[in-house]
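A short worksheet on the structure shown next.
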There are 2 protein chains.
Amino acid sequence: MPTRSEEDHIKAVYSLLQEGDSAFTKDIAERLQNKASSVTVMLKKLAEKGFLKHEPYYGAKLTVKGRAFALQLVRRHRLWETFLVERLGFGWDEVHEVAEQLEHVKSEKLIDKLDAYLGKPHFDPHGDPIPDKKGVIRERKTRRLDSCAVGDHVRIAAVSGTTDGLLRLLDSKGLRIGTALMVQEVHPFDGSMDVKPKSGSAFSLSKDVSHHLQVEKGKP
Amino acid sequence: MPTRSEEDHIKAVYSLLQEGDSAFTKDIAERLQNKASSVTVMLKKLAEKGFLKHEPYYGAKLTVKGRAFALQLVRRHRLWETFLVERLGFGWDEVHEVAEQLEHVKSEKLIDKLDAYLGKPHFDPHGDPIPDKKGVIRERKTRRLDSCAVGDHVRIAAVSGTTDGLLRLLDSKGLRIGTALMVQEVHPFDGSMDVKPKSGSAFSLSKDVSHHLQVEKGKP
DNA sequence: CCTCATTATTAGACAAGACTAATCTATTTT
DNA sequence: AAAATAGATTAGTCTTGTCTAATAATGAGG
Ligand SMILES: [Mn+2]
Ligand SMILES: [Mn+2]
Ligand SMILES: [Mn+2]
Ligand SMILES: [Mn+2]
């Protein structure tokens, strides 16, 4: 059974591979707040244990076994986040660190029961998909808000790169998962965007923000 | 902030001091499934950190700081046990190991919210008191069932020394926290005891079992 | 009071996981 | 093509927590 540190490394590799097509030592180190040298050592160990392939100087890729393991870890993380927000009343900007700990509790039964208790949710409080017990993820077609054009009607599906500051900014503008928006104007100068929610008046979002909003097509 | 191992040692000392008036190296080691030599080293460290006084060869006693810390740990353990049984539907014989892990999650807010979510319970699924946020324990006057006499009417308040086997035995006889019993007969030969529940017919309990049942006076 | 069994402590080893410093590799810049 | 730079790896150190083996203290029985 992998240790907490091993688990965190596998998860970091998984999520970097989601974003790009390689997981480099430096980026893993940054995520985990470790030094690159520590990561190299860990990658070697995880490669020996069969969770990933480590191509020195060219990063790491997960094996089938490593991917399956990462999906279970992501499942645990997101189920706990859902519990914290839906049941305990945490804000969506407050759950990450706690879930980071809870995800390492070893008990299959615990996760099964938690999942059932929460009604087998498919998405976490940030709109990210929760893999099921077999590791299957419900796919959706989403695009980043900053790739939308004037006149598009969309619904916020997920917030990517969830830092607490971004989440609080969204809170303050009344934006949450499911919020319907219409793109009213795009300013080429700074990439900022004016959006109008279904109810209420339009306001502006910086490119920095719109880039982190994953949206689905919505009805006009 | 104490590590997981430090926390477990402090808790072991606390619970041994609840049972007797000293916590010896060997007994701590046994609880934690460690060797005595490892415990000695840890006691020295915890003494330096001010959690306890270690009198070599005469065991350990908690300081005020250590006791306060232990009470918070016990609080966390018992709140999680309550959650697992009341909300997730675990059996009372299945929660110990999981709570042993959950108790180490570091987040004061988590415990506050969990406590509120559960309705600020005063007792865990085994009838053990849950210290409040200040570490205050609601005291009750209980006695062991094996110290009761023929004709006594009692109510089961708690199960002490909760091993899974004992809990399952109680389950099978329909005994749980709150069950009312009348002591019908005590057999001096083996210390066994015949008890009659309010509804249903009498049955026998070995001394081994009755010794672990904490009871309160009940109405005839 | 002496002996001995039990318990505790110390000393030394080891594994895990982190670090720093030194070295090496790949890639970009000149 | 050589040099510079960013990134990665290796080697060596440290801390934590565990162990085993050797030694020491305590308390009970003779
Ligand atoms: Mn984690
Ligand atoms: Mn999330
Ligand atoms: Mn524990
Ligand atoms: Mn309990």
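All chains are named by letter (A, B, ...) in the order of the sequence lines, taking the proteins before the strands, and each is independently numbered beginning at 1.
- Within the 4.5 Å cutoff, the side chain of B:L84 has heavy atoms near those of the A:L110 side chain.
- Rounded to whole Å, atom C1' of C:dG17 lies 17 Å from atom CZ of B:R4.
- Regarding A:F24, its CZ atom lies at a distance of 15 Å from the C1' atom of D:dT9, rounded to whole Å.
- Among the nucleotides D:dT18, D:dG17, D:dA24, the one closest to any side-chain atom of B:E6 is D:dG17.
- For A:K26, taking side-chain heavy atoms from C-beta onward, the closest of the listed nucleotides D:dT10, D:dG7, D:dT16 is D:dG7.
- When distances are taken from the side chain of A:M42 to each of C:dA18, D:dG17, C:dT10, the shortest belongs to C:dA18.
- When each of C:dA21, D:dC19, C:dT27 is scored by its nearest atom to the side-chain atoms of B:N34, the top-ranked nucleotide is D:dC19.
- The nucleotide whose nearest atom lies closest to any side-chain atom of A:T25 is, among D:dA8, D:dT18, C:dT27, D:dA8.
- Atom CD in B:E7 sits about 11 Å away from atom P in D:dG17, given to the nearest Å.
- Contact annotation: the side chain of B:S192 approaches that of B:H187 to within less than 4.5 Å [non-hydrogen atoms, C-beta and beyond].
- Comparing D:dA8, C:dA11, C:dA21 against the side chain of A:S37 picks out C:dA21 as the nearest.
- With rounding to whole Å, A:E30 atom CD is found 14 Å from D:dA6 atom C1'.
- In summary, A:R76 and A:E108 do not engage in a salt bridge, as defined by a charged side-chain N under 4.0 Å from a carboxylate O.
- Summarising the geometry, the separation between OH on B:Y57 and C1' on D:dA28 is reported as 18 Å, rounded to the nearest angstrom.
- Between A:R75 and A:E103, none of the side-chain N atoms (NZ, or NE/NH1/NH2) sits under 4.0 Å from a carboxylate O, so this pair counts as no salt bridge.
- Between A:K44 atom NZ and D:dT10 atom C1' the separation is 8 Å, expressed in whole Å.
- Close to D:dT9, at under 4.0 Å from its OP1 or OP2, lies a side-chain N or O of A:H54.
- C:dA22 atom P lies 16 Å from atom NZ of A:K35, rounded to whole Å.
- Toward the 5' end of DNA chain C, the nearer of the two residues B:V41 and A:S5, judged by each one's closest nucleotide, is B:V41.
- Nearer to the 5' terminus of DNA chain C, by closest-nucleotide assignment, is the contact made by A:K45 (compared with the other of A:K45 and A:Y58).
- Salt bridge present: B:K11 and B:E100 bring a charged side-chain N and a carboxylate O closer than 4.0 Å.
- The separation between B:L16 atom CG and C:dA8 atom P is 11 Å, rounded to whole Å.
- Taking only side-chain nitrogens and oxygens, B:S38 never comes nearer than 4.0 Å to OP1 or OP2 of D:dT18.
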